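As the structure is a computational prediction, the values presented were derived from the model and not from experiment. All residue numbers refer to positions in the sequence shown, counting from 1. Start at 1 and go down the list; that is how both ligands and their atoms are numbered.
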Amino acid sequence: MYMMRDIVRDGNPVLRKIAQPVQFPLSDADKKLASDMMEYLIKSQDPDFAQKHHLRAGVGLAAPQVGVSEQMACVLVPAEDADDADKTKKYALELTLINPVIISNSIQKAQLFEGEGCLSVDKDIPGYVPRSARITVRYQDFDGNKQTIRVKNYPAIVCQHEIDHLHGHLFYDHINKNDPFEKEPDVIIV
Ligand code: NB4
Ligand code: NI
């Protein structure tokens, strides 16, 4: 699995490249990439493990962040017991996106109240990152089958942050430089 030393930091050109499509059938290297990225997310969300190994917690990770310029990203959003129907479910969204494409997005925006952080960006960059509140994503699963999912609010923000990495975009590119906390009209604050 990956450790913080494996996470590529801002300034490395791989983070600004357009990632290459993943080929099917998946190579062993790509299968390992997927499982290592997901393992990082799981372990980073375990407070004891994360503290012991100095991992920054993550709810998403994209292949360019581990130096691989391929269209693959993992998303692991913990379930909030409060508004989750199935209270035994650990994750609200657990997904490996391969060759993902956002095929539709709502006009309505959503943004994280606390702003966004990125494992590849060591400093805090304050400001709102406007995202679409709801998106539809088409992607391929491990078998290469095409899948379509609709996500909203927090999971939608995470998916957009990860898909941005595959296009060489970082969260702070979206922050209004003149007014970082500018409020979009009719925005959902998550
Ligand atoms: C990706 C996210 C940044 C904004 C929102 C949040 C955390 C990341 C980056 C949208 C996507 C990683 C990938 C968190 C976090 C809430 C859930 C569960 C228990 C602690 C954890 C903390 F860690 N962002 N970090 N940043 N990235 N929420 N949570 N909690 O995940 O750069 O491209 O463990
Ligand atoms: Ni990131």
Side-chain angles (χ1 to χ4, degrees), residues 1-12 14-19 33-34 36-84 89-98 100 102 105 109-135 137 151-175 180 187-190:
M1 81 169 266
Y2 297 112
M3 293 293 163
M4 282 316 288
R5 64 172 169 271
D6 302 308
I7 309 282
V8 164
R9 305 307 157 87
D10 196 7
N12 185 315
V14 72
L15 292 173
R16 292 304 191 174
K17 287 215 285 199
I18 295 175
L33 172 66
D36 285 350
M37 288 201 298
M38 192 59 89
E39 193 184 4
Y40 177 91
L41 296 180
I42 295 168
K43 294 286 174 57
S44 80
Q45 292 181 18
D46 172 343
D48 298 325
F49 189 92
Q51 192 180 37
K52 185 162 178 239
H53 298 278
H54 307 282
L55 299 186
R56 263 181 75 189
V59 290
L61 189 63
Q65 294 184 276
V66 294
V68 180
S69 193
E70 290 184 7
Q71 292 177 33
M72 190 192 289
C74 293
V75 172
L76 192 69
V77 177
E80 306 166 56
D81 335 15
D83 62 46
D84 237 295
K89 224 171 66 183
K90 233 181 140 191
Y91 300 109
L93 188 63
E94 178 180 2
L95 205 58
T96 300
L97 296 167
I98 303 176
I102 298 175
N105 46 267
K109 302 290 177 199
Q111 59 201 22
L112 292 180
F113 177 70
E114 309 225 22
E116 296 189 12
C118 179
L119 297 179
S120 298
V121 179
D122 285 327
K123 59 175 183 187
D124 255 20
I125 302 181
Y128 287 139
V129 180
R131 303 283 190 188
S132 294
R134 296 173 294 281
I135 56 169
V137 183
V151 284
K152 60 176 184 175
N153 301 337
Y154 185 84
I157 293 171
V158 179
C159 289
Q160 287 169 84
H161 179 113
E162 301 321 323
I163 293 170
D164 260 2
H165 275 299
L166 307 181
H167 299 126
H169 300 143
L170 295 171
F171 73 96
Y172 61 76
D173 301 344
H174 300 289
I175 298 175
V187 62
I188 299 171
I189 314 255
V190 182

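Nearest protein neighbour of atom 1 (C) of ligand 1, counting heavy atoms only, is Glu162 OE2, 3.6 Å. The shortest contact between atom 18 (C) of ligand 1 and any protein heavy atom is with Pro78 CG, 3.5 Å. The protein non-hydrogen atom at the shortest distance from atom 21 (C) of ligand 1 is Ala57 CB, 3.9 Å. The single protein non-hydrogen atom nearest to atom 3 (C) of ligand 1 is Gly117 O, 3.1 Å, given as residue, atom name and distance. Of all protein heavy atoms, the one lying nearest to atom 34 (O) of ligand 1 is Gln45 CA, 3.5 Å.
Looking at Asp164, Val59, Leu41, Leu55, it is Val59 that brings a heavy atom closest to atom 8 (C) of ligand 1. Closest to atom 12 (C) of ligand 1 by heavy atom, among Ser44, Gly60, Gly58, is Gly60.
With a 4.0 Å heavy-atom cut-off, ligand 1 is reached by the side chain of His165 but not by its N, CA, C or O. Contacts between Cys118 and ligand 1 below 4.0 angstrom, taking non-hydrogen atoms only, involve backbone and side chain alike. For Tyr154, every heavy-atom contact with ligand 1 shorter than 4.0 Å involves the side chain, none the backbone. Residue Leu112 touches ligand 1 through its side chain alone, judged by heavy-atom distances below 4.0 Å. The residue Glu114 has no part lying near ligand 1, judged by heavy-atom distances below 4.0 Å.
For Asn12 (side chain) and Arg9 (main-chain N/O), no donor-acceptor pair under 3.5 Å exists by modelled atom type. At least one donor-acceptor pair under 3.5 Å links the side chain of Ser120 to the backbone N or O of Val8. Within the 3.5 Å criterion, the main-chain N or O of Gly58 finds a donor-acceptor partner in the side chain of Ser44. Gln45 places a side-chain N or O within donor-acceptor distance of the main-chain N or O of Leu76, the cut-off being under 3.5 Å.
Using cut-offs of 30° and 60° for the angle between ring planes, the His161 and His165 rings count as perpendicular.
The contact set between ligand 1 and Glu116, taken as ligand atoms under 4.0 Å from a residue heavy atom, comprises 4 (C).
Using modelled atom types, one finds a donor on one side chain and an acceptor on the other under 3.5 Å when comparing Tyr172 with Asp10.
For Leu119, a nitrogen or oxygen atom sits less than 3.5 Å from a nitrogen or oxygen atom of ligand 1, counting backbone and side chain alike. Inclusion of Ser120 in the set of residues having an N or O under 3.5 Å from an N or O of ligand 1 is not warranted.
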Trace of the salt bridge (charged side-chain N to carboxylate O under 4.0 Å, His left out) decision for Lys52 with Asp46: CA-CA 10 Å; Lys52 185 162 178 239; Asp46 172 343; over 6 Å; no
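Between Tyr128 and Phe113, the shortest heavy-atom contact is CE2-O, 3.6 Å. The minimum heavy-atom distance linking Cys159 with Val151 is given by the pair SG-CG2, 4.2 Å.
For the pairing with Arg131, the side-chain hydrogen bond (donor to acceptor under 3.5 Å, both in side chains) check across Asp164, Asn105, Asn153 returns one residue only, Asp164.
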